[in-house]
Amino acid sequence: MKLSQIASWSKRTLQKKSVRLAAFSLGAILLLTGLLLSFRDLRSNDLTFDTQYFVVAFLFMVAFLCLQILRFQQLCASVDHRCSFLTASKIVIYGAIANILPFPGSLAMRFTYLSDKVGPKKTSAAIVTDIVIWLAMTFAAVSVAWLAQKNTDQTGIFAIAFSSAVVLTSISITLAKRLNLKTLNYLLIHVVQAVISVVLIIKLQLVAKTISAEISSLLASLMTLAATLTTTIGVVPGGLGISEVISSSATTALGEASFSLGFTIASLDRFLAWLALFFSVSILALVKKLRNRNHAR
């Protein structure tokens, strides 16, 4: 199925209130049930909330959004379209908010915007290449985290992550050549995505420290991968509930923490993301208000 067909399908699907309500209800039930069970299990652990770590994690979340904006700008530049930082900010931030619907709204918004500038065919190929790069760098981050931890107990994780990164990178190179993407911008997308992966891993470790917990970079990379994949797929709004369950399963699989602690960390990370989005929307509203005031003079 082509992206143009997906975008058209999404417009029809999102008009169905029953679909939106069912998807949101499923995610909300999973999230609330998991939180209630997790809090009950963790009551005896005497966890404390550290505001300083939370504030730093929030700043890392804002940095992540800024890097996402920069990556979208480089994607546009790679197909000979110049996108301003403000325009890219609106697309990225409002797209992230649109992900609360049972469809990856961010993907649909990027496709709609870019297809109007360079055509649907070129846009489809460029966005597919961008997704492949994102997946390749995410798997590469898991591989690097495994090597940094020097953990020989989970060699299967390294083998899968490393081989996936190599295969996906090869695919992205092939697509970039066929598309004639600008080499500099193509490489910059890789660099920005690599930095994004590092920021997300550190951010998740800071979120864990917020409740006096410690997680390894390997676990943080796996939890980040789970969260991003479920959000992008978008069957359940923003991966609501499902992302937390998968992330928690990773904590128990690695034997680093209990399922309840993993679920709590993932849920707190989601709250942090919502808070950062609310902050970003407020900034965009303020910028619009100031621009309108200047035009009125």
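Residue numbers count from 1 along this sequence.
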Query - Exam field: side chain T123 to backbone L114, donor-acceptor pair closer than 3.5 Å - result: yes
Report task. Answer yes or no: is there a side-chain heavy-atom contact under 4.5 Å between H190 and W134? Result -> no
**Report entry** Between T87 and S84, a side-chain donor and acceptor under 3.5 Å
**Finding:** yes
Query - Euclidean distance, Q205 CD relative to S221 OG, rounded to 0.5 Å - result: 9.0 Å
Requested in this report: Report the C-alpha separation of T224 and T138 in whole Å, then their side-chain angles, then the decisive distance to 0.1 Å, and conclude whether the side chain to side chain contact (heavy atoms under 4.5 Å, CB included) test is met.
Outcome: CA-CA 9 Å; T224 299; T138 304; 5.7 Å; no
Query raised in the report: For Y53, does the OH atom sit with more than 12 other heavy atoms under 6.0 Å from it, leaving out its own atoms?
Result: no
Report task. Give a yes or no on whether the backbone of M137 and the side-chain of Q193 come within a donor-acceptor separation of less than 3.5 Å. Result -> no
Query - Test: K209 and D50 ion pair at under 4.0 Å - result: no
Query raised in the report: Distance-only, no hydrogens or angles: does the S115 side chain make a donor-acceptor pair with backbone N or O of P120 under 3.5 Å?
Result: no
Requested in this report: Decide yes or no for L86 and L284: does some side-chain heavy atom of the first lie under 4.5 Å from some side-chain heavy atom of the second?
Outcome: yes
Query raised in the report: If we only count heavy atoms from C-beta on, is the D130 to F72 side-chain gap below 4.5 Å?
Result: no
Requested in this report: Any chance you could measure I133, atom CD1, to L168, atom CG, to the nearest 0.5 Å?
Outcome: 10.5 Å
Requested in this report: Drop me the distance from I91's CD1 to Q73's CD, to the nearest 0.5 angstrom.
Outcome: 10.0 Å
Requested in this report: Examine distances only and state if a side-chain atom of Y186 and a backbone atom of L75 form a donor-acceptor pair shorter than 3.5 Å.
Outcome: no
